[in-house]
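Read the structure below first, then the notes.
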Amino acid sequence: MAFKLPDLPYGHHALEPYIDAWTMEIHHGKHHAGYTKKLNAALEGSDQAGKSIEEILANLDMNNAALRNNGGGYYNHSLFWSVMGPNAGGSPSGDLADAIKTAFGSFDTFKEKFASAAATRFGSGWAWLCVHKGGKVEVCSSPNQDNPLMPGIGCGGAPILGIDVWEHAYYLNYQNKRGDYVSNFFNVVNWSEVSKRYEAGK
Ligand code: MN3
């Protein structure tokens, strides 16, 4: 019943030169593993045990710090690994491309909005592209390990793309240059996975 740390869908080196292997190793093997372990501890004996992570987050008591921080950390990183990949980047196609054009006017304007949400998130957190029921997409950000599945957080809807802007996600390679990390992130976005999440969430 306990949540398991998902395997990375590619090797630690796969996202180089944009995200370095050492960062991936620590980020997945230490940070994500830590959230997973603490999530399971927070669920022990709880009435939320046995539910899916999406259900747990949607019905979260925001005062339950252990479940909020570690449930968010578990979900956010699981999504993060899956929406990146080697031989990725480029731009989306199909319905998702249309939805981005409708919401932002162009793919480039979307990239600017997303990068700005990531760059201006003060301290630690995430920037998201979310889909609402009906197919409308929206960009927002959230602090710490919060995400838009949680009550009252961000733009609501379901996150389909997310970028981790905690310093542990980029500091070894980029130091204080969060903006460079964010612009390079677009080189590793796996748009076919983001499209799948768009179709499932719309
Ligand atoms: Mn992280």
Side-chain angles (χ1 to χ4, degrees), residues 2-43 53-54 56-57 60 62 64-86 88 114-130 139-150 153-155 158-190 193-194 197:
F3 287 101
K4 282 202 175 73
L5 176 67
D7 289 334
L8 275 182
Y10 36 74
H12 291 127
H13 288 83
L15 305 180
E16 290 192 334
Y18 308 113
I19 301 179
D20 64 285
W22 193 23
T23 295
M24 288 301 291
E25 211 170 310
I26 297 168
H27 201 176
H28 176 258
K30 303 290 182 200
H31 291 275
H32 196 187
Y35 293 123
T36 307
K37 193 175 165 195
K38 288 179 193 159
L39 166 63
N40 287 326
L43 284 171
I53 189 64
E54 289 84 358
I56 290 171
L57 298 182
L60 188 65
M62 296 299 274
N64 185 338
L67 198 52
R68 178 178 179 175
N69 293 334
N70 296 297
Y74 173 79
Y75 175 91
N76 295 346
H77 291 86
S78 302
L79 180 144
F80 188 50
W81 314 133
S82 80
V83 297
M84 298 189 290
F114 185 85
S116 163
T120 59
R121 166 50 56 191
F122 182 74
S124 298
W126 293 74
W128 306 101
L129 175 66
C130 293
V139 161
C140 61
S141 75
S142 58
N144 305 315
Q145 294 298 352
D146 287 357
N147 75 47
L149 295 176
M150 296 175 180
I153 295 297
C155 49
I160 58 174
L161 175 68
I163 181 171
D164 186 343
V165 294
W166 285 57
E167 285 186 344
H168 68 227
Y170 63 88
Y171 209 84
L172 291 176
N173 197 26
Y174 294 93
Q175 294 81 51
N176 60 319
K177 298 186 287 287
R178 185 192 286 189
D180 292 355
Y181 158 68
V182 173
S183 50
N184 277 334
F185 172 73
F186 291 110
N187 293 309
V188 295
V189 173
N190 176 355
E193 174 63 25
V194 181
R197 289 174 178 269

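One-based numbering, in listed order, for ligands and for the atoms of each. None of these values were measured; they are calculated from a predicted model.
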Within less than 2.8 Å of the Mn ion (ligand 1), any N, O or S from H32?
no
Checking H32 against W81: is there a side-chain donor and acceptor pair closer than 3.5 Å?
yes
Do N184 and Y174 meet the criterion of a side-chain donor-acceptor pair at a distance under 3.5 Å?
yes
With rounding to 10 degrees, D164 OD2, the Mn ion (ligand 1) and H77 NE2 define an angle of 100°
Kindly confirm whether the Mn ion (ligand 1) is within less than 2.8 Å of some N/O/S atom in H168?
yes
Under a 3.5 Å cutoff, is there a donor and acceptor pairing between the side chains of H28 and H77?
no
Over 60° means perpendicular and under 30° means parallel, so tell me whether F185 and F80 are parallel, tilted or perpendicular.
parallel
